[in-house]
Amino acid sequence: MRRTTVHRASLAAATLLLLAGCGSQSGSTDKGSGAVSPSPSPSSPGTSPATSPGASGSSGACTPLTSELTAADNRDTVCVAVGGQLRLTLDGTRQRPWKAVTVSGSALRATNAGIVLQPGDASAAYTAVASGTVTLTSSRPLCAEPTAPGEVSCKGIQEWQVTVKVK
C-alpha cells in the first residue's frame, strides 16, 4: 500500500512539473526566449554601412543591425541607416507555421528575399528608404493542431515583434 502511494505521489509531482514547464512559454509581453541581446557600444568598429551606430542624443535606444533578424530578436529595437538592408527569417514547422510578416510604417520597402522557404517559415527582406520607425510583426500557434481524437490542443499564440528605427 505504501509503495503505491509513493509512486502515485511521484507521478503527480512529475505531471505538475511538466505542466508548469509547458505553461512558461506564454508568448506574452515577456521576451520568453531567454536570449540576451548585446548592449550597443557608442562607437562600434566594424559595423557595416547598412547600420548606424546608435541614437546619440535622440530618445530611445536601439541596437545596430549586424545580421539577419530571427525569432530570438522578439521585442528588440534595431537601427538601420537609410539605404541599408534588413532581412529576417522565422523558422516554423508545418504544424506551427509563422504568418506572413506585416509592416506598420513607410520607412522600409519590401525587396526580394531571394531564398526558398520551408513550409511554416516566414522570410522577408527590406530596404530602408526613409527616416522613421517601423514595426514588424508575425505570429504562430503555440501548439500543433491535434491529429487524432482525444489529443490535447491549445489556443495560444506566439507573437513576434521588432521595432526598426531608420536613421
Side-chain angles (χ1 to χ4, degrees), residues 20-145 154-167:
C22 289
S24 67
Q25 294 293 329
S26 65
S28 66
T29 58
D30 295 332
K31 181 129 180 150
S33 69
V36 178
S37 299
S39 298
S41 60
S43 61
S44 302
T47 56
S48 71
T51 64
S52 68
S56 175
S58 65
S59 63
C62 59
T63 304
L65 181 65
T66 57
S67 64
E68 185 172 295
L69 294 173
T70 66
D73 296 307
N74 188 29
R75 304 281 181 222
D76 283 354
T77 299
V78 297
C79 294
V80 178
V82 172
Q85 297 281 319
L86 179 142
R87 291 184 170 276
L88 69 93
T89 300
L90 301 174
D91 293 326
T93 64
R94 287 181 193 265
Q95 295 80 18
R96 295 182 55 217
W98 285 101
K99 289 188 177 184
V101 176
T102 59
V103 181
S104 67
S106 59
L108 297 177
R109 183 185 65 212
T111 58
N112 184 352
I115 59 173
V116 176
L117 293 177
Q118 299 295 323
D121 289 356
S123 179
Y126 302 95
T127 299
V129 294
S131 295
T133 302
V134 174
T135 302
L136 304 173
T137 58
S138 185
S139 63
R140 72 176 181 165
L142 273 177
C143 308
E145 290 294 321
C154 72
K155 300 295 182 193
I157 299 292
Q158 178 182 0
E159 294 180 337
W160 181 86
Q161 176 181 324
V162 169
T163 302
V164 180
K165 293 185 178 184
V166 179
K167 299 182 179 202

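On a predicted model such as this, the values are computed, not experimentally measured, just so you know.
Put simply, the side chain of Arg140 never gets that close to the backbone of Pro97: no donor and acceptor are under 3.5 Å apart. Between the side chain of Trp160 and the backbone N or O of Thr70 there is at least one donor-acceptor pair closer than 3.5 Å. With hydrogens and angles ignored, the 3.5 Å screen pairs no side-chain donor or acceptor of Thr89 with any backbone N or O of Ser123. Listed for the Arg94 side chain is no donor-acceptor partner under 3.5 Å among the backbone atoms of Gly120.
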Show, in sequence, the C-alpha distance, side-chain angles and deciding distance for Tyr126 and Val134, and conclude whether the side-chain contact (heavy atoms from CB on, under 4.5 Å) test is met. CA-CA 11 Å; Tyr126 302 95; Val134 174; over 6 Å; no
Are Leu136 and Leu108 close enough, and set up right, to give a side-chain contact (heavy atoms from CB on, under 4.5 Å), and what steps lead you there? CA-CA 10 Å; Leu136 304 173; Leu108 297 177; 4.2 Å; yes
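In this structure, Ile157 and Ser139 approach most closely via the heavy-atom pair CG2-CB, 3.6 Å. Scanning all heavy atoms of the two residues, the minimum distance from Gly83 to Thr127 falls at O-CG2, 4.3 Å. Here the shortest heavy-atom pairing between Ala128 and Ala81 reads CB-O, 3.4 Å. Considering every non-hydrogen atom in both Asn74 and Gln161, the closest pair reads OD1-N, 2.9 Å. Taking each heavy atom of Arg96 and Leu142 in turn, the nearest pair found is NE-O, 3.1 Å. Scanning both residues, Leu86 and Val164, for their nearest heavy atoms gives CD1-CG2, 3.8 Å.
Residue Lys155 holds its NZ atom at 10.0 Å from SG of Cys143, rounded to the nearest 0.5 Å. Note that CG of Asp73 and CD of Glu68 are 9.5 Å apart. Values are rounded to the nearest 0.5 Å.
The only option from Leu90, Val101, Val78 that meets the side-chain contact (heavy atoms from CB on, under 4.5 Å) definition with Leu69 turns out to be Val78.
Residues Glu159 and Arg75 meet the side-chain proximity criterion, which asks for heavy atoms closer than 4.5 Å.
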